[in-house]
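The figures that follow rest on heavy atoms only: side chains count, while hydrogens, waters and symmetry mates do not. The chains referred to below are lettered A, B, ... by the order of the sequence lines, with proteins before strands, and numbering in each begins at 1.
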Number of protein chains: 2
Amino acid sequence: MLTNACKYAIRAVIYLALNSDADKKLGAKQIASELDVPQAFLAKLLRKLSSDKLISSAKGPGGGFFLNKENLEKTVWDIITAIDDQQKLDDCFLGLVKCNSENPCPVHYIAAPFKEQLLNDFKKKTIAVMAEEMVENGTVITLNRFI
Amino acid sequence: MLTNACKYAIRAVIYLALNSDADKKLGAKQIASELDVPQAFLAKLLRKLSSDKLISSAKGPGGGFFLNKENLEKTVWDIITAIDDQQKLDDCFLGLVKCNSENPCPVHYIAAPFKEQLLNDFKKKTIAVMAEEMVENGTVITLNRFI
DNA sequence: AAAATAAAGGACTAAATTGTCCTTTACCGA
DNA sequence: TCGGTAAAGGACAATTTAGTCCTTTATTTT
Ligand code: FES
Ligand code: FES
């Protein structure tokens, strides 16, 4: 579905949404350790997100990554398309060339509504909204390694 | 979600369910061409399925692969576990170490019911039932390359 | 028996994904 | 202005997944 790279990136951005701002930047090292993800690999992903303006960064002492107002209005979909060259969210679950209701595979009727919902969420909800919902639901803890 | 290998294998078995029996065996080459899948790769998968007694085979002229009664009572889950060493169907969609409702990720409430349904289908429905449903729904065509 | 056929088996290659490491650049504070 | 800090960048390595190819073995037909 999503690559590891993509999952790391999404988690990192949500983590930033919840824990950073222009006055509280976070280093790649710190984020990686909080998310229990390989440092250098995450650093590379953060660079990509930064160059795509999905997150903000500052060099030097006291520097790091954070989200500004524009960044908070991006969507998970923006992250997915930035990291995974070609994403496979609308692929058929059983590998048919095309997933559609005219020629559904045996699990299509289960998979299709799910994919639709998921895509809708990914495309419509901003990072800010996602983060907000997590706070409301008390699911903040889920982003780090302690189950 | 599922590897290509696994998808190929599932499609091949369903294809066999619909088109083969002890008196009408199908060669790897033929199946691969019908499913538009790499021959040698599929052949390897078929060997594995055969050695795991999920499909039947016969060597020599007139030989090939087919499903016997026992084979028809296997499930998609059997195929998945035979091909993908460790499957990732219950992984969290955003890469949390554990997917559960105590610590749901932002898409958990969408993903969880889907995964449950999918797993249930994969584990409960036999190949025979799957194939039957496809015939009833007229979805046979979907297994080959012509959308 | 010989030839043809098709699976069984396994060595090998290719590509994509995941991950590491080192150098450079920019920035801050002393 | 100098030293430390942290991102930017890119080369490189490792692993996993995907796919090919060739040889062997069993079976059938002539
Ligand atoms: S056709 Fe297979 S998931 Fe839609
Ligand atoms: S916790 Fe992420 S899908 Fe369940």
Colleague: Any idea which heavy atoms bring B:Leu35 and B:Tyr8 closest together, and the distance?
Modeller: CD1-O, 4.3 Å

Colleague: Check for me, please, whether B:Leu18 and B:Leu67 land in the same ILVMFWY cluster - side-chain distances under 4.5 Å, paths through other members count.
Modeller: yes

Colleague: Looking at D:dA18, I'd like to know if its phosphate oxygens (OP1 or OP2) sit under 4.0 Å from a side-chain N or O belonging to B:Tyr8.
Modeller: no

Colleague: Checking all strands, does A:Ile83 fall into the base, sugar-phosphate, or nothing category for heavy-atom contacts under 4.0 angstrom?
Modeller: nothing

Colleague: Treating primed atoms plus P, OP1 and OP2 as sugar-phosphate and everything else as base, which nucleotides of nucleotides 24-30 of chain D get B, S or - for protein heavy atoms under 4.0 Å?
Modeller: -BBBB--

Colleague: What is the distance, to the nearest angstrom, from the CD atom on B:Gln39 to the C1' atom on C:dG9?
Modeller: 17 Å

Colleague: Looking only at atom types and distance, does a side-chain atom of B:Asp78 sit under 3.5 Å from a main-chain N or O of B:Thr75, one as donor and one as acceptor?
Modeller: yes

Colleague: Hey, can you pull the residues of residues 41-52 of chain B with a non-hydrogen atom under 4.0 angstrom from DNA chain D?
Modeller: B:Phe41, B:Lys44

Colleague: For A:Ile55, which contact category applies under a 4.0 Å heavy-atom criterion: base, sugar-phosphate, or nothing?
Modeller: nothing

Colleague: For A:Lys53 and D:dA7, give me the distance from atom NZ to atom C1', rounded to whole Å.
Modeller: 14 Å

Colleague: Quick one: side-chain hydrogen bond (donor to acceptor under 3.5 Å, both in side chains) partners of B:Lys25, sequence neighbours excluded?
Modeller: none

Colleague: Looking only at side-chain N and O atoms, does A:Thr3 come under 4.0 Å of OP1 or OP2 in C:dT18?
Modeller: yes

